[in-house]
Amino acid sequence: MSEEAPTLLPRHVAIIMDGNGRWARKRHLPREAGHVAGVAAVRETVRAAVDMGLENLTLFAFSSENWKRPKTEVGALMGLFRRFFNSDMDELVAKGCRIRIIGHRGRVADDIHSMIEDAERRSVANKGMNLTFAFDYGAQEEIVAAARELARAARDGRLDPETITPELFASRLFTSALPEPDLIIRTSGERRLSNFLLWQSAYAEMLFLDTLWPDFGRADLAAALETFSQRERRFGALNSESAA
Ligand code: IPE
Ligand code: IPE
Ligand code: MG
């Protein structure tokens, strides 16, 4: 199939990049080797997304639950994140990407925290693709933080609870600057969201692929966009044919 992007592009694609460990196991390699290969897939996918003119790409890189993994694996993932930021950020900023990191932040190492802030600051005026990494991200935590903030405002008399709407609530989430994802892709054959963008995915199209993340690349993204362009979205209403 053509690797050209189809005409009906989703505005926002979010990807749960899963399957690094299984990719490594199949090759009798340590899990870390799968994560290294996963970074190469990130590189290729981000570049493809920019070339295809995607407006928003969000990548789930590390969940708030991934801290439960063995220390050595968490350390390896943090090391890879550092290396990726050091090696790729200049190019991504030069390509016009606006970088954001959504997640807890308070739990990551100080130097990673500084790298995150630096990348966001350096790309703040960029008008190209919004490239968001969900890193130490958990949707339930995000939703609870938003609820807590609104509750505090109400307690202090700064907010009338009756004025809380879905839009107001969404404006308190990490993703407030982004449109809701139109397409969520998960690789590796698992069919769950694993605490990713729970609020934001209300009307997202889901695409579950058996491909393991390190094997994902430009052609897979193009195929996913093609699949999306054939989905019929209704948002609870009727399509024009049924309504006629
Ligand atoms: C995804 O791959 C990367 C992260 C969750 C950080 P996994 O490490 O979850 O790979 P599998 O699911 O064990 O194959
Ligand atoms: C989800 O994958 C998190 C990321 C891809 C970063 P996991 O591998 O952590 O999810 P579960 O544990 O299989 O649900
Ligand atoms: Mg996994």
Side-chain angles (χ1 to χ4, degrees), residues 12-46 49 56-88 99-109 112-113 115-116 119 131-144 173-175 178 181 183-201 204-217 220-221 224:
H12 184 176
V13 175
I15 308 181
I16 304 173
M17 309 184 290
D18 196 16
N20 295 351
R22 277 162 282 172
W23 183 94
R25 195 170 61 211
K26 268 173 58 183
R27 288 164 179 73
H28 308 287
L29 295 169
R31 290 180 58 83
E32 187 183 333
H35 296 313
V36 171
V39 174
V42 168
R43 236 171 236 136
E44 179 172 335
T45 303
V46 168
N56 300 277
L57 177 68
T58 298
L59 300 174
F60 200 6
F62 191 87
S63 79
S64 52
E65 287 76 33
N66 287 149
W67 294 108
K68 294 181 200 162
R69 295 189 181 195
K71 257 202 168 85
T72 46
E73 179 164 353
V74 170
L77 286 165
M78 294 296 149
L80 282 173
F81 193 74
R82 275 190 189 94
R83 246 179 287 160
F84 177 77
F85 260 63
N86 278 327
S87 57
D88 287 55
I99 315 287
R100 289 185 178 82
I101 285 74
I102 56 173
H104 189 284
R105 289 196 191 196
R107 292 182 293 233
V108 298
I112 292 184
H113 196 140
M115 287 165 100
I116 288 173
L131 175 59
T132 304
F133 294 92
F135 188 73
D136 195 6
Y137 172 86
Q140 290 183 340
E141 239 176 36
E142 175 187 37
I143 291 168
V144 166
L173 300 173
F174 294 134
T175 48
L178 306 173
L183 174 63
I184 295 184
I185 301 169
R186 181 171 189 149
T187 57
S188 91
E190 308 297 350
R191 287 154 196 259
R192 54 177 171 264
L193 286 175
S194 299
N195 205 11
F196 187 50
L197 301 180
L198 297 183
W199 170 282
Q200 298 87 338
S201 63
E205 294 295 324
M206 305 285 172
L207 183 57
F208 296 106
L209 302 173
D210 289 333
T211 312
L212 301 173
W213 176 251
D215 293 326
F216 189 93
D220 303 275
L221 181 65

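Just so you know, ligand 1 is whichever comes first in the structure, and atom 1 is the first atom listed for that ligand.
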Student check: side-chain heavy atoms of Ile112 and Phe85 closer than 4.5 Å: no
Check: Phe133 ring centroid to Phe84 ring centroid under 6.0 Å: yes
Whether Ser188 lies under 4.0 Å from ligand 1, heavy atom: no
Taking atom 14 (O) of ligand 2 as the reference point, the nearest protein heavy atom with its distance: Ser194 OG, 2.6 Å
Any N/O pair Asp18/ligand 1 closer than 3.5 Å: yes
Side chain, backbone, both or neither: the part of Leu212 lying under 4.0 Å from ligand 1 by heavy atom: neither
Top protein contact for atom 10 (O) of ligand 1, by heavy-atom distance: Gly21 N, 2.9 Å
Contact check, side chains of Val108 and Phe81, non-hydrogen atoms, under 4.5 Å: no
N/O donor-acceptor pair under 3.5 Å between Arg43 side chain and Val39 backbone: no
Arg22-ligand 1 polar pair, N/O distance under 3.5 Å: yes
Option of least heavy-atom distance to atom 3 (C) of ligand 2 (set: Phe60, Phe133, Phe196): Phe60
Heavy-atom side-chain contact between Leu193 and Ser201 under 4.5 Å: yes
Any donor-acceptor pair under 3.5 Å from Tyr137 side chain to Leu197 backbone: yes
Glu65 atom CD: more than 12 heavy-atom contacts under 6.0 Å: yes
Backbone or side-chain N or O of Arg69 under 3.5 Å from ligand 2 N or O: yes
Part of Arg25 with heavy atoms under 4.0 Å of ligand 1, whether side chain, backbone, both or neither: neither
Atoms in ligand 2 flagged as close to Met17, the criterion being non-hydrogen separation under 4.0 Å: 5 (C)
Min side-chain heavy-atom separation Leu212-Lys26 under 4.5 Å: yes
N/O separation below 3.5 Å, Phe62 to ligand 1: no
Flag side-chain contact, heavy atom, 4.5 Å: Asn195 against Ser64: yes
Shortest protein heavy-atom distance from atom 9 (O) of ligand 2, along with the residue and atom involved: Asn66 ND2, 2.9 Å
Heavy atom of Arg186, distance to ligand 2 below 4.0 Å: yes
Metal proximity, Asp18 vs the Mg ion (ligand 3), N/O/S cut-off 2.8 Å: yes
Value rounded to 0.5 Å, distance of CD1 in Ile185 from CD1 in Ile15: 4.5 Å
Heavy atoms of other groups near Arg83 CZ, more than 12 under 6.0 Å: no
Close-contact set for ligand 1 against His35 heavy atoms, below 4.0 Å: 3 (C), 8 (O)
Any Glu190 heavy atom less than 4.0 Å to ligand 1: no
Contact atoms of ligand 1, heavy-atom distance to Ala61 under 4.0 Å: 6 (C)
Heavy-atom nearest neighbour in the protein, as seen from atom 13 (O) of ligand 2, with distance rounded to 0.1 Å: Arg192 NH2, 2.8 Å
